[in-house]
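The next block holds one structure in the form of structure tokens; read it before the comments.
For this chain, numbers begin at 1 and follow the sequence in order.
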Amino acid sequence: MNSRERVIRTLEFDYPDKIPVDIWCMPSALYKYGQQLVDALNTYSIDIVTPEYKDHIMGEKQQEIGVFEDGWGCVWHNLKKGIIGEVKVHPLADYSKLKSYKAPLELLKLGWDNVDASIKKNRDKFILTPWSVNIFERMQFLRGTTELFIDLMEDSQEVRLLRDIVFEFYREWLKLWLKRDVDGVVFSDDWGTQNALLIPPKIFRAFFKPCYKELIDMVKAAGKFVFFHSDGNITEIYDDFIELGVDAINSQIWCMDMKSIAEKYKGKITFWGEISRQTTLPYGTPADIKNAAETMKSLLMYNDGGLIGTCSPDDECPLENIIESMRCWNN
């Protein structure tokens with residue numbers, strides 16, 4: 001069973017030969033540990049890969065210390081190498097600019113030079129698109145978080161136009177990726193705080209869910225799988241993700257009631273990790289890492305599938321913990 005077959009059988013709860021593994025290291029971890037981490041990554045099998053793609057939307061400075069402007073006109077301030085910072089200048093903080101504002105659709109034509117060759121080279125792996133389709137986050141970057149939340153509560157005409165601009169951009173982005181021989185598409189929007197959703201679930205369902213549905217339907221019609229990432233406690237909308245047809249979800253399951261989540265959703269959606277990036281991975285011991293992985297295996301797997309082992313360390317994580325997490329998933 002090769003990596004691609006292993007991931008597909010995991011997503012379909014169809015007795016894969018072992019847990020598939022997906023590793024994404026924050027650049028800050030690679031900067032800190034260098035060749036030691038690279039050598040460790042090469043020691044273990046990894047089943048999921050992302051094609052080589054030059055991101056002209058965020059640009060080359062997104063991981064560097066300093067100030068940079070992305071393709072949407074959002075100005076970012078980065079304080080640490082290898083960690084994306086925060087938007088400090090929002091191009092649509094003043095809605096008077098909204099009617100003349102244009103999404104950077106022309107940049108979608110760039111960055112494709114090595115994509116198809118990269119896919120062909122890794123065809124035995126399960127191939128995911130880069131993380132994108134972040135409608136909610138991009139709206140915050142453009143408008144400002146506080147201002148956007150007020151707009152959503154007021155259901156203003158402007159916030160609907162803003163949503164449609166962002167939505168149309170990602171629809172065009174999806175069309176380009178769905179022409180490629182990828183296996184899955186990644187949606188990435190952070191919906192949770194540590195304890196609850198950032199906005200009322202009724203607004204998520206009325207305002208954002210129809211957009212997700214249309215985009216996810218496009219992915220499904222192309223015969224590909226849907227992966228979704230959201231930080232925070234998203235217990236209130238797990239049902240919605242399943243209804244939308246999300247195949248795998250990367251959530252901070254350790255800040256939720258994992259046992260309850262497992263009882264309700266095991267066998268209905270694949271859990272795309274993960275060991276806690278807030279506590280266990282940076283501050284635990286290798287024994288804690290092992291115990292966390294074993295707990296997830298015992299609670300979340302269904303027909304030997306339904307769980308993808310992930311490791312997503314940054315420079316706060318001890319190297320021995322990173323290596324142990326990879327060993328646990330490859331064991």
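Remark: Asp217 engages Lys213 in a salt bridge, criterion side-chain N to carboxylate O under 4.0 Å.
Residues Ser230 and Ser251 form no side-chain contact, since every pair of their non-hydrogen atoms from C-beta on lies 4.5 Å or further apart. When side chains are defined from C-beta on, Glu158 does not count as touching Arg143, because their heavy atoms never get closer than 4.5 Å. With contacts defined as side-chain heavy-atom distances shorter than 4.5 Å, the pair Glu236/Phe204 does not qualify.
The ring of Phe126 has its center closer than 6.0 angstrom to the ring center of Phe227. Taking the ring centroids of Trp177 and Tyr53, they lie under the 6.0 Å cut-off. Annotation: Phe141 is in aromatic contact with Trp76 [ring centroid separation under 6.0 Å].
Annotation: salt bridge (Lys or Arg N to Asp or Glu O under 4.0 Å) contacts involving residues 192-206, sequence neighbours excluded, comprise Arg205-Asp240. For the ring-ring contact (aromatic ring centres under 6.0 Å, His included) condition, no pair includes a residue of residues 77-100, sequence neighbours left out. Residue pairs meeting the side chain to side chain donor-acceptor pair (under 3.5 Å) criterion with at least one member in residues 98-118, sequence neighbours excluded, are Asp116-Arg180. Listed by first then second residue, pairs satisfying salt bridge (Lys or Arg N to Asp or Glu O under 4.0 Å) with a partner in residues 69-93 read Glu64-Lys81, Asp70-Arg138, Lys80-Asp315, Lys80-Glu316, Glu86-Lys88, not counting sequence neighbours.
Put simply, the residue from Phe228, Trp173, Trp272 that forms a ring pair (Phe, Tyr, Trp, His ring centres under 6.0 Å) with Trp131 is Trp272.
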Going by atom type alone, with no hydrogens or angles, which donor-acceptor pairs under 3.5 Å involve a side-chain atom of residues 254-262 and a protein atom two or more places apart or on another chain?
unit_1, atom_1, unit_2, atom_2, d
Trp254, NE1, Glu274, O, 3.3
Asp257, OD1, Lys259, N, 3.3
Asp257, OD1, Ser260, N, 3.2

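Partners of Lys220 according to the salt bridge (Lys or Arg N to Asp or Glu O under 4.0 Å) rule, which considers only residues two or more places apart in sequence or in another chain, are Asp247.
With no hydrogens or angles considered, no side-chain donor-acceptor pair links Tyr283 and Asn321 at under 3.5 Å.
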* Asp181 and Arg123: CA distance, side-chain angles, deciding distance, side chain to side chain contact (heavy atoms under 4.5 Å, CB included) verdict -> CA-CA 9 Å; Asp181 188 23; Arg123 191 54 277 178; 2.9 Å; yes

